[in-house]
Amino acid sequence: MWSWWFGWHGSDTRRYKLWHPRAHLSARWKDGDDAGRRGGARYIDRWSIISEYIGSTMLSAAIQFVDPTTFGLSADTDDAVAVCGTTGQR
């Protein structure tokens with residue numbers, strides 16, 4: 001489910017808002033369209049540009065999704081997914 005969510009939500013703000021309609025303001029992929037991407041390629045090695053509220057503070061950030069093996073974790077399988085990301089102010 002996590003792999004699906006991270007690959008699915010970033011291409012449409014309406015999808016991102018489903019997770020938390022009031023806190024999540026916008027989401028888009030930095031590199032644009034995700035047409036033709038499948039599986040982990042829909043989010044791994046990509047940047048999600050988001051705006052959301054954390055408590056009462058609005059945050060604008062860029063989340064970079066990286067391959068789990070970068071952090072010494074096992075590669076994703078059908079049975080297990082590690083979603084790894086780093087954030088930075090944009």
Side-chain angles (χ1 to χ4, degrees):
M1 191 289 238
W2 289 108
S3 183
W4 168 81
W5 169 256
F6 283 104
W8 181 78
H9 84 279
S11 62
D12 188 326
T13 291
R14 294 172 296 177
R15 295 176 180 180
Y16 188 58
K17 291 176 82 61
L18 287 173
W19 186 276
H20 196 299
R22 291 184 312 203
H24 288 177
L25 303 176
S26 66
R28 65 177 177 81
W29 292 115
K30 182 178 179 180
D31 61 1
D33 191 9
D34 62 346
R37 297 175 192 260
R38 301 270 185 250
R42 293 182 71 195
Y43 63 97
I44 293 175
D45 295 328
R46 299 182 79 195
W47 288 85
S48 179
I49 308 301
I50 58 106
S51 292
E52 68 178 57
Y53 280 96
I54 304 293
S56 61
T57 303
M58 190 181 94
L59 171 73
S60 292
I63 303 169
Q64 179 185 22
F65 293 94
V66 296
D67 191 303
T69 59
T70 302
F71 294 108
L73 301 170
S74 299
D76 290 347
T77 68
D78 289 341
D79 298 321
V81 173
V83 177
C84 303
T86 60
T87 62
Q89 295 293 330
R90 57 177 177 127

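All residue numbers refer to positions in the sequence shown, counting from 1.
Connection of Trp19 to Met58 is not established within any shared hydrophobic cluster, with ILVMFWY side chains joined at heavy-atom distances below 4.5 Å, either directly or through further cluster members.
Applying the side chain to side chain contact (heavy atoms under 4.5 Å, CB included) criterion to Ala75, with sequence neighbours excluded, gives Thr69. Listed by chain and number, the residues in a ring-ring contact (aromatic ring centres under 6.0 Å, His included) with Trp8 are Trp4, Trp5 (sequence neighbours excluded).
For residues 40-49, the pairs satisfying salt bridge (charged side-chain N to carboxylate O under 4.0 Å, His left out) are Asp31-Arg46, Asp34-Arg42, with sequence neighbours left out. Sorted by first then second residue, the salt bridge (charged side-chain N to carboxylate O under 4.0 Å, His left out) pairs that include residues 14-25, not counting sequence neighbours, are Asp12-Arg14.
In this structure, Ile63 and Ile50 have side chains that are in contact, with non-hydrogen atoms separated by less than 4.5 Å. Residues Tyr43 and Ser48 have side chains not in contact (no heavy-atom distance under 4.5 Å, counting atoms from C-beta outward). Taking the side chain as every heavy atom from C-beta outward, His24 and Tyr53 never approach each other to under 4.5 Å. Contact annotation: the side chain of Trp47 never approaches that of Trp29 to less than 4.5 Å [non-hydrogen atoms, C-beta and beyond].
Of all heavy-atom pairs between Ile54 and Leu59, the closest is CG1-CD2, 4.2 Å. Here the closest non-hydrogen pair linking Ser60 and Ser51 is OG-OG, 3.5 Å.
Atom CG of Leu25 sits about 10.5 Å away from atom NE2 of His20, to the nearest 0.5 Å.
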